[in-house]
There are 2 protein chains.
Amino acid sequence: MGTTQLESVPEPKYWHLKTVLNDALDSEFEVGEILPNERDLAARFGVARATLRQALEQLELEGRLQRRRGVGTTVAPPRMGVSVGPSANAWPGAGRDSWETVGCVEAVAPAAIAALLGTGRDQAVHTIRRVRVMRGQPVAAELLYVPPASVPGLPGDLSPAAHAPAVLRELHALELEGEDRAVELGSARADDAKQLDRLPGAPVLVVTSRYYTGGRVAAASVSTYRADTCRLTFGDAGAFEVTHHQQDTRQAS
Amino acid sequence: MGTTQLESVPEPKYWHLKTVLNDALDSEFEVGEILPNERDLAARFGVARATLRQALEQLELEGRLQRRRGVGTTVAPPRMGVSVGPSANAWPGAGRDSWETVGCVEAVAPAAIAALLGTGRDQAVHTIRRVRVMRGQPVAAELLYVPPASVPGLPGDLSPAAHAPAVLRELHALELEGEDRAVELGSARADDAKQLDRLPGAPVLVVTSRYYTGGRVAAASVSTYRADTCRLTFGDAGAFEVTHHQQDTRQAS
DNA sequence: GAGTGGTCTAGACCACCCT
DNA sequence: GGGTGGTCTAGACCACTCC
């Protein structure tokens with residue numbers, strides 16, 4: 001029959017649009033520059049606004065664009081390398097790590113956290129809420145869980161303001177023996193989104209950490225990183241110093 | 001004035017829909033069970049199909065659902081814990097790690113990879129394409145780059161079939177001194193998507209690794225993991241053995 | 001061919017930011 | 001108030017899978 005089936009896979013419009021815009025961002029725009037609004041862009045490319053938005057959403061997911069309601073769409077800077085690896089970090093809150101404590105309560109943790117800690121179901125744990133800031137931007141919201149058993153020397157009468165520092169101080173006095181970590185994709189809950197200056201549902205990288213001492217889990221944390229602006233770095237050798245976008249590091253084989 | 005402004009923040013429909021569906025998945029469905037089709041679901045909830053799809057997309061992003069064109073929407077099992085940490089892995093390809101080599105060429109790497117390796121711009125490197133399989137499913141597509149300088153003992157006359165094993169064998173003979181790693185969110189390119197059994201643009205976790213020997217970068221890799229089905233684990237203590245979804249580990253403070 | 005999810009359209013209104 | 005992105009609608013057609 002000899003049916004030549006070249007071009008038999010029509011590329012979706014939004015996909016083609018995305019590559020066109022991606023190339024344009026490289027060649028015709030500077031970081032921080034604002035793009036034309038969505039209605040104009042859609043008209044210029046001859047597509048519906050929803051189709052254009054599909055392309056913009058992907059580019060935002062990949063960290064190429066930043067969109068803010070009421071303001072506009074701007075070209076995003078390269079992602080920040082954020083160290084979450086072992087070594088330098090040591091105990092959470094140690095070192096000058098640009099974390100800000102937002103709140104601290106002693107409450108019963110959800111079942112999944114209790115499983116992480118290996119504590120009983122209904123046991124209260126110290127719960128510290130913190131925000132990580134880099135270059136003036138919030139990059140992560142975290143909940144740090146510390147069972148009372150891990151900080152036996154903690155005074156009983158603590159003002160809310162003194163609570164978190166005291167727990168962290170006691171924690172740092174222990175010897176850190178090891179760390180566990182997991183990363184997965186999630187979407188920002190309303191409270192995290194607010195602290196990350198994003199809308200609810202924004203894509204985030206959820207980092208779950210366990211800190212060991214004496215063969216037991218002394219603390220655990222769940223950190224929610226902005227997926228659009230952050231590249232998480234692990235490893236003893238320190239953060240990458242790469243100035244390229246991840247797309248550039250991938251090619252067909 | 002005393003204007004009570006309760007409920008002044010109307011939740012988007014798709015967001016409310018998402019939580020309703022999420023709860024229903026926990027209580028009324030089993031893993032692997034197929035949901036009603038999108039048109040029926042939309043009608044049942046009294047919303048447009050596009051609105052329902054927005055909710056389904058988020059749930060798929062969070063690993064709760066799996067959708068396949070022409071088939072339907074099913075309830076996804078909990079994400080697989082995939083170890084990408086140091087230690088056990090050692091050199092890429094060492095150990096019984098369920099990687100399958102798909103191809104191998106010697107070609108000039110893109111500029112970003114050359115920067116990662118610290119090699120010259122136009123230098124050819126061994127490029128090995130591999131796929132990682134777990135529980136019968138492809139979970140990652142990888143490109144492993146090895147400069148010829150790292151494998152000086154490599155024979156010159158290699159058949160395509162013998163190329164990749166020979167490069168890996170030479171690599172494993174070196175002493176691995178350290179590893180660097182970074183994780184960021186991306187969307188699957190067409191070629192990766194095909195090997196991951198997903199559509200182009202599907203969300204992926206891109207892991208960029210550098211392997212050191214003799215104080216230099218001996219190899220580098222870019223691995224593309226399915227974000228919907230994988231939870232990446234790091235750490236010396238081995239993979240987490242958590243059976244909960246990440247949503248369950250997060251709560252308001 | 002019937003049924004599924006994926007793409008696309010052309011509109012509308014809303015929430016938010018700025019001036 | 002005017003402009004931006006965010007949400008929502010009610011349709012249509014396409015690509016794919018399975019019977």
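Convention: sequence-line order gives letters A, B, ...; per-chain numbering from 1. Fair warning: this is a prediction, and the values are worked out from it, not measured in the lab.
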In whole angstroms, how far is the P atom of D/dA15 from the CH2 atom of A/Trp15? 17 Å

Ignoring backbone atoms, establish whether B/Thr73 has a side-chain N or O less than 4.0 Å from OP1 or OP2 of C/dT4. no

How long is the line joining CG of A/Leu52 and P of D/dT4, in whole Å? 13 Å

Length of the line joining B/Glu60:CD and C/dT4:P, which is rounded to integer Å: 17 Å

Rounded distance (Å) that lies between atom C1' of C/dA15 and atom NZ of A/Lys194: 14 Å

Report the residue (A/Arg39 or A/Pro12) whose heavy-atom-nearest nucleotide on DNA chain C is the more 5′ of the two. A/Pro12

Taken to the nearest whole Å, CG/A/Leu41 to C1'/D/dG3 is 15 Å

Counting only distance, no hydrogens or angles, is the base of C/dG3 paired donor-acceptor with the side chain of B/Arg69 under 3.5 Å? no

side-chain hydrogen bond (donor to acceptor under 3.5 Å, both in side chains) assessment of A/Gln195 paired with A/Arg129: CA-CA 11 Å; A/Gln195 296 192 292; A/Arg129 207 182 202 329; 3.2 Å; yes

Distance in angstrom units between B/Gln66 CD and C/dG5 C1', rounded: 13 Å

Go through C/dT9, D/dT9, D/dG6 for me and flag the one nearest to the B/Ala50 side chain. D/dT9

Classify the nucleic acid contact of B/Leu199 as base, sugar-phosphate or nothing, counting any heavy atom under 4.0 Å across all strands shown. sugar-phosphate

Going by distance alone, is a donor N or O of one side chain under 3.5 Å from an acceptor N or O of the other, for B/Ser209 and B/Arg181? yes

Nearest whole Å is fine: how far is C/dC13 P from B/Lys13 NZ? 14 Å

Listed pairs under 3.5 Å, donor-acceptor, residues 101-109 of chain A side chains, sequence neighbours left out:
none

What is the distance, rounded to the nearest whole Å, between atom CZ of A/Arg68 and atom P of C/dC18? 8 Å

Between B/Ala48 and B/Gly70, which residue's closest nucleotide on DNA chain D lies nearer the 5′ terminus? B/Ala48

Taking only residues two or more places apart in sequence, or in another chain, which ones meet A/Leu65 in a side-chain contact (heavy atoms from CB on, under 4.5 Å)? A/Leu25, A/Leu35, A/Leu56, A/Leu59, A/Thr73

Answer yes or no: side-chain N or O of B/Arg49 and base N or O of C/dG6 forming a donor-acceptor pair under 3.5 Å. yes

Does a side-chain N or O of B/Arg53 approach OP1 or OP2 of C/dG6 to a distance below 4.0 Å, or not? yes

Closer than 4.0 Å, any side-chain N/O of A/Arg67 to the OP1 or OP2 of D/dG6? yes

Among residues at least two apart in sequence or on other chains, which ones pass side chain to side chain donor-acceptor pair (under 3.5 Å) with B/Gln58? A/Ser187, B/Lys18

Does C/dG3 have OP1 or OP2 sitting under 4.0 Å from an N or O in the side chain of B/Asn37? no

By nearest atom, which of the nucleotides D/dT4, C/dG6, D/dC8 is closest to the B/Gln54 side chain? D/dC8

Main-chain N/O of A/Glu142 paired with A/Arg132 side-chain donor or acceptor, under 3.5 Å: no

Name all residues meeting the side-chain contact (heavy atoms from CB on, under 4.5 Å) criterion together with A/Arg68; count only those two or more places apart in sequence or in a different chain, and write none if there are none. A/Val71

Heavy atoms from C-beta onward define the side chain here; which of D/dC8, D/dG5, C/dT9 lies closest to that of B/Thr51? D/dC8

Please enumerate all residues that pass side chain to side chain donor-acceptor pair (under 3.5 Å) together with A/Arg53, with sequence neighbours excluded. A/Glu38

Of the options D/dC8, C/dG6, C/dT7, whose atoms approach the side-chain atoms of B/Glu38 most closely? C/dG6

Axis bend over the full length of the helix from C/dG1-D/dC18 to C/dC18-D/dG1, computed from five pairs that close each end, to 10 degrees: 10°

